[in-house]
Amino acid sequence: MSKAQETVLELNFKALEHNYRYLRSKIDPGTKFLAVVKAFAYGSDATHIALHLEGLGADYFAVAYAKEGVALRQGGVTKPILVLHPQPLSFVDLIEHCLEPGLYSENVLKAFATVAREKGQTGYPVHLKLNTGLNRLGFASEDIPLMAQILKASPQLRARSVFSHLAASEDLNERYFTQGQITSFRTMADRLDTLLDRAPFRHLLNTSGIINYADAQFQMVRSGIGLYGYGNTPEEDRHLIPIATLKTVISQIHDIRPGDSVGYNRAFTSRAKRRSATLPLGHADGIGRIYGQGRSSVSIHGQIAPVIGNVCMDMIMVDVTDIPCEEGDEVIVFGPGHTAAAFAENAGTISYELLTGISQRVTRKYNY
Ligand SMILES: *Cc1c(COP(=O)(O)O)cnc(C)c1O
């Protein structure tokens, strides 16, 4: 491992490959694998990640918004890209870049049908999102006849798949609810097949769904967080390797006398003699104020240094009283062994939020 001289997010493509193969091993060889690369591939780098996964055999990609899909196409990604939450404003762009919309309501279905007709399309692939209990996006079961009617009257569209999303796939206490979602999905998709007189392929599972409900894999699964090396339980985590390591460096060390304070608002006041290290990353880099005041810690030479005081825009201070270290030494904010999940936990958040928040100011470094 190279030594960081600034704040960098190192991305380990061997770990990505390991996670991809592990998740693949949980499903049948014939089941398609969609890699979710929304939000800069969970804060890493969508284009590099997608191109690498394309090489490994990923069948499909998903992003949240059309502009994320456009960036992937401009980066050279050729596999189909599902846009999970497209906005009507982006429909022309979406068609021009061969992106496939997830349509979730009568309004968006009709709006997309209109744009596809105006753009002279026939059989443009679309994906239909069903609401089976998450109550976020999707058609309700009573909307299915109308949805089928619109599709049948719209030769410019072709329903390529039908999908839904689980609300609590990681929580086995919610098994009964999840089984209900799986049953509703099957019933609703069957109904749609009958009305359309054909069968768009089906997909339902996210990462924890793949691990806990592989029987419901249908023809495709969609994985995000698992590819990046995080499950939602310690058991899942054991089989996965975090691909991202956020590294930084000690800018300055201060000797703190009893009664001295550290940082804005004097949020940390020392009762004893201590040593603090200042690091060049802050809330503008994605380390929000929730991580301050001892709620998270970094690793320096394998030892844990708590964040003290308030997180600043461009800096944090950590307590290194018991850690032999000097200016210029490397610091691991999170990565394998000191995970994003652990960094996030005491601050009351989750790996997803920490990872996706690492800002574009942080240099990405690629280790193939
Ligand atoms: C983000 C997302 C996923 C990926 O979920 P993970 O828990 O990260 O695997 C899958 N499907 C939909 C609809 C999503 O929005």
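Order of appearance sets the numbers: ligands from 1, and atoms from 1 within every ligand. Numbers for residues simply follow the sequence, beginning at 1.
- Counting the atoms of ligand 1 from 1 in the order shown, those under 4.0 Å from a heavy atom of Tyr42 are 1 (C), 4 (C), 5 (O), 6 (P), 8 (O).
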Under the criterion ring-ring contact (aromatic ring centres under 6.0 Å, His included), I'd like the reasoning laid out for Phe112 against Tyr124: C-alpha separation, chi angles, the key distance, then a yes or no.
CA-CA 10 Å; Phe112 190 74; Tyr124 195 91; 5.6 Å; yes

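- The protein heavy-atom contact nearest to atom 11 (N) of ligand 1 is Arg222 NE, 2.9 Å.
- When each atom of ligand 1 is checked for a heavy atom of Arg136 under 4.0 Å away, the hits are 15 (O).
- Taking distance alone, with nitrogen or oxygen atoms compared against 3.5 Å, Gly226 stays at or beyond that limit from ligand 1.
- Nearest to atom 2 (C) of ligand 1 among the protein's heavy atoms is Lys38 NZ, 2.6 Å.
- Salt-bridge check for Lys119 with Glu96: passed, with a basic side-chain N closer than 4.0 Å to an acidic carboxylate O.
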What do the steps show when you test Lys365 against Asp45 for salt bridge (charged side-chain N to carboxylate O under 4.0 Å, His left out), and what is the final call?
CA-CA 10 Å; Lys365 199 167 153 245; Asp45 179 309; over 6 Å; no

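- By the 3.5 Å distance cut-off applied to N or O atoms, Tyr352 is counted among the residues near ligand 1.
- The pair Asp319-Arg274 counts as a salt bridge, with a side-chain nitrogen and a carboxylate oxygen less than 4.0 angstrom apart.
- Applying the 4.0 Å criterion to heavy atoms of Gly224 picks out, from ligand 1, the atoms 4 (C), 6 (P), 8 (O), 9 (O).
- With respect to Ser161, the side chain to side chain contact (heavy atoms under 4.5 Å, CB included) criterion is satisfied by exactly one of Arg202, Glu100, Gln219, His127: His127.
- Against a heavy-atom cut-off of under 4.0 Å, Leu84 is close to the following atoms of ligand 1: 13 (C), 14 (C), 15 (O).
- Summary of contacts: the protein heavy atom closest to atom 5 (O) of ligand 1 is Asn206 CB, 3.5 Å.
- In the hydrophobic cluster analysis, where Ile, Leu, Val, Met, Phe, Trp and Tyr join through side-chain heavy atoms closer than 4.5 angstrom, Phe13 is grouped together with Val37.
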Can you give each donor-acceptor pair under 3.5 Å made by side-chain atoms of residues 25-34, sequence neighbours left out, with the distance rounded to 0.1 Å?
residue	atom	partner	partner atom	Å
Ser25	OG	Tyr22	O	2.6
Thr31	OG1	Gln217	OE1	2.5

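- Between His165, His85, His203, Glu170, it is His165 that holds the heavy atom closest to atom 13 (C) of ligand 1.
- Of the protein's non-hydrogen atoms, the one nearest atom 9 (O) of ligand 1 is Thr207 OG1, 2.5 Å.
- Heavy atoms of other residues, nucleotides or ligands lying less than 6.0 angstrom from CD of Glu17 number more than 12.
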